[in-house]
Asks: 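Before I ask anything, let me first share the structure, which is written out below as structure tokens.
Atoms within each ligand, like the ligands themselves, are counted from 1 in listed order.
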Amino acid sequence: MKDLVSASLLGCDLADLKNEIKSIEKAGADWLHCDVMDGVFVNNISFGTPVLKCVRKAASVPMDTHLMITDPIRYIDDYAELGSDNITFHLEAASDPQAVIDKIHSHGISAGISIKPGTPVSEVKPYLGSVDMVLVMTVEPGFGGQKFVADTLEKISEIRYILDSMGRTEVNIEVDGGVNGETVKLCREAGANVFVSGSYIFGAEDRVAAVGSLK
Ligand code: DX5
Ligand code: ZN
């Protein structure tokens, strides 16, 4: 399965968004990871549809939208219509996760489901037959620049094992939080293939080398 790097815009210089997008695309990022936070599901508030509409215009690569918001079904239409190629929502934030997956699919785009470090695999298992991606958070969601939580690696292996036994080898497993040139190796070994990175790649002096070190 192909390794992909999804650059988290939370780690860039937001005052220079357009140039930052161009720079990270040139450095080899495959997707742009857009973290939407509502100040309720997570403590932080980041950005929403007006900003993502501008991102879509400035970007050439697929937009990987990560909704860290309560009751995400309310906003699926908005984030799909502005041009997201994938929408990931949190299992913990949805009262009917299957309905959210179906709504994302009704727009003909990829559906991702995410779990926080403390959420067991058993809770996401019922949805592994219908999602296109599973996002295993490797930090508590809410902020960039945190330390990688190694306990999450076991969950990645378990999810990959279940997906393989279902014959769903095409499903992406994405990791997000504290991913760098070292922790990426552990994630890949465990079975992840999409690597979100914010502070590591945007903070690097040589962004080409930093993105390259994740593949
Ligand atoms: C955190 C966000 C991440 C964040 C990752 O809740 O979901 O995407 O930007 O940042 P780094 O790579 O700096 O840990
Ligand atoms: Zn994210």
Asks: List ligand 1 atoms under 4.0 Å from Ser197, heavy atoms only on the residue side.
Replies: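 Taking each heavy atom of Ser197 in turn, ligand 1 has 12 (O) under 4.0 Å.
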Asks: In plain terms, say whether Lys22 and Glu25 are close enough for a salt bridge, that is, a side-chain N and a carboxylate O under 4.0 Å apart.
Replies: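 Glu25 and Lys22: salt-bridged.
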Asks: Is there side-chain contact between Phe89 and Lys103, with heavy atoms separated by less than 4.5 Å?
Replies: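 Sidechains of Lys103 and Phe89: no contact.
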Asks: Looking at side-chain heavy atoms only, is the closest gap between His105 and Asp132 below 4.5 Å?
Replies: yes
Asks: Test of understanding: given a 4.0 Å heavy-atom threshold, classify the contact between Ser8 and ligand 1 as side chain, backbone, both, or neither.
Replies: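 Just the side chain.
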Asks: Out of Leu17, Leu52, Val55, which one pairs with Phe47 under the side chain to side chain contact (heavy atoms under 4.5 Å, CB included) rule?
Replies: Leu52
Asks: Counting from 1, what ligand 1 atoms have a heavy atom of Met68 closer than 4.0 Å?
Replies: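 Answer, ordered by atom number: 6 (O), 7 (O).
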Asks: Using only atom types and a distance under 3.5 Å, with no angle test, would you say the side chain of Arg207 pairs donor to acceptor with the backbone of Ala27?
Replies: no
Asks: Provide the number and element of each atom of ligand 1 under 4.0 Å from a heavy atom of His66.
Replies: 7 (O)
Asks: Has Tyr75 got more than 12 heavy atoms of other residues, nucleotides or ligands less than 6.0 Å from its OH?
Replies: no
Asks: Give the atom numbers and elements of ligand 1 that come within less than 4.0 Å of a heavy atom of Leu10.
Replies: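 Under 4.0 Å from Leu10, ligand 1 has these atoms: 9 (O).
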Asks: Between Asp176 (side chain) and Met137 (backbone), is there a donor-acceptor pair under 3.5 Å?
Replies: no
Asks: Could you tell me which atoms of ligand 1, counted from 1 in the order shown, lie closer than 4.0 angstrom to a heavy atom of Gly178?
Replies: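 This gives 14 (O) as the contact atoms.
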Asks: Could you find the nearest protein heavy atom to atom 10 (O) of ligand 1 and give me its residue, atom name and distance?
Replies: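 Atom 10 (O) of ligand 1 sits closest to the protein heavy atom Gly144 CA, 3.5 Å.
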Asks: With respect to Ser199, determine whether any N or O atom, backbone or side chain, lies less than 3.5 Å from an N or O atom of ligand 1.
Replies: yes
Asks: Given that the side chain starts at C-beta and the backbone is N, CA, C, O, which of these parts of Phe143 lies under 4.0 Å from ligand 1, counting heavy atoms, or is it both or neither?
Replies: backbone
Asks: Give a yes or no answer on whether the side chain of Ser46 reaches the backbone of Asp35 with a donor-acceptor pair at less than 3.5 Å.
Replies: yes
Asks: Are the side chains of Phe202 and Leu9 in touch, meaning some heavy atoms are under 4.5 Å apart?
Replies: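 In contact.
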Asks: Is it true that Lys18 and Glu20 make a salt bridge, defined as a side-chain N closer than 4.0 Å to a carboxylate O?
Replies: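 A salt bridge is absent here (no side-chain N lies under 4.0 Å from a carboxylate O).
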Asks: Tell me, which N, O or S atom in His66 is closest to the Zn ion (ligand 2)?
Replies: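 The closest N, O or S atom of His66 to the Zn ion (ligand 2) is ND1.
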Asks: Taking only heavy atoms of Gly177, which atoms of ligand 1 are found under 4.0 Å from at least one of them?
Replies: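 Near Gly177, the atoms of ligand 1 are 14 (O).
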Asks: With the threshold set at under 4.0 angstrom, would you say Asp35 reaches ligand 1 through any of its heavy atoms?
Replies: yes
Asks: Against heavy atoms of Gly145, which atoms of ligand 1 measure under 4.0 Å?
Replies: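 What qualifies from ligand 1 is 10 (O), 11 (P), 13 (O), 14 (O).
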Asks: Would you mind listing which atoms of ligand 1 come within a distance below 4.0 Å of any non-hydrogen atom of Val196?
Replies: 8 (O)
Asks: Return the closest protein heavy atom for atom 6 (O) of ligand 1 as residue, atom name and distance.
Replies: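 Scanning the protein heavy atoms, the shortest distance from atom 6 (O) of ligand 1 goes to Gly142 N, 2.8 Å.
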Asks: Do Ile76 and Ile87 make a side-chain contact, defined as non-hydrogen atoms from C-beta onward lying under 4.5 Å apart?
Replies: yes
Asks: State, to the nearest 10 degrees, the angle whose vertex is the Zn ion (ligand 2) and whose arms point to OD1 of Asp35 and NE2 of His33.
Replies: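 Reported to 10°, the angle equals 90°.
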Asks: Decide yes or no on side chain to side chain contact (heavy atoms under 4.5 Å, CB included) for Lys215 and Asp30, but give the supporting numbers first.
Replies: CA-CA 10 Å; Lys215 295 197 191 182; Asp30 301 286; 3.0 Å; yes
Asks: I want to know if ligand 1 touches Gly198 in the polar sense, i.e. an N/O pair below 3.5 angstrom.
Replies: yes
Asks: Identify the closest protein heavy atom to atom 5 (C) of ligand 1: which residue and atom is it, and at what distance?
Replies: Asp176 OD1, 3.5 Å
Asks: Considering just N/O/S atoms, say which atom of Asp176 is closest to the Zn ion (ligand 2).
Replies: OD2
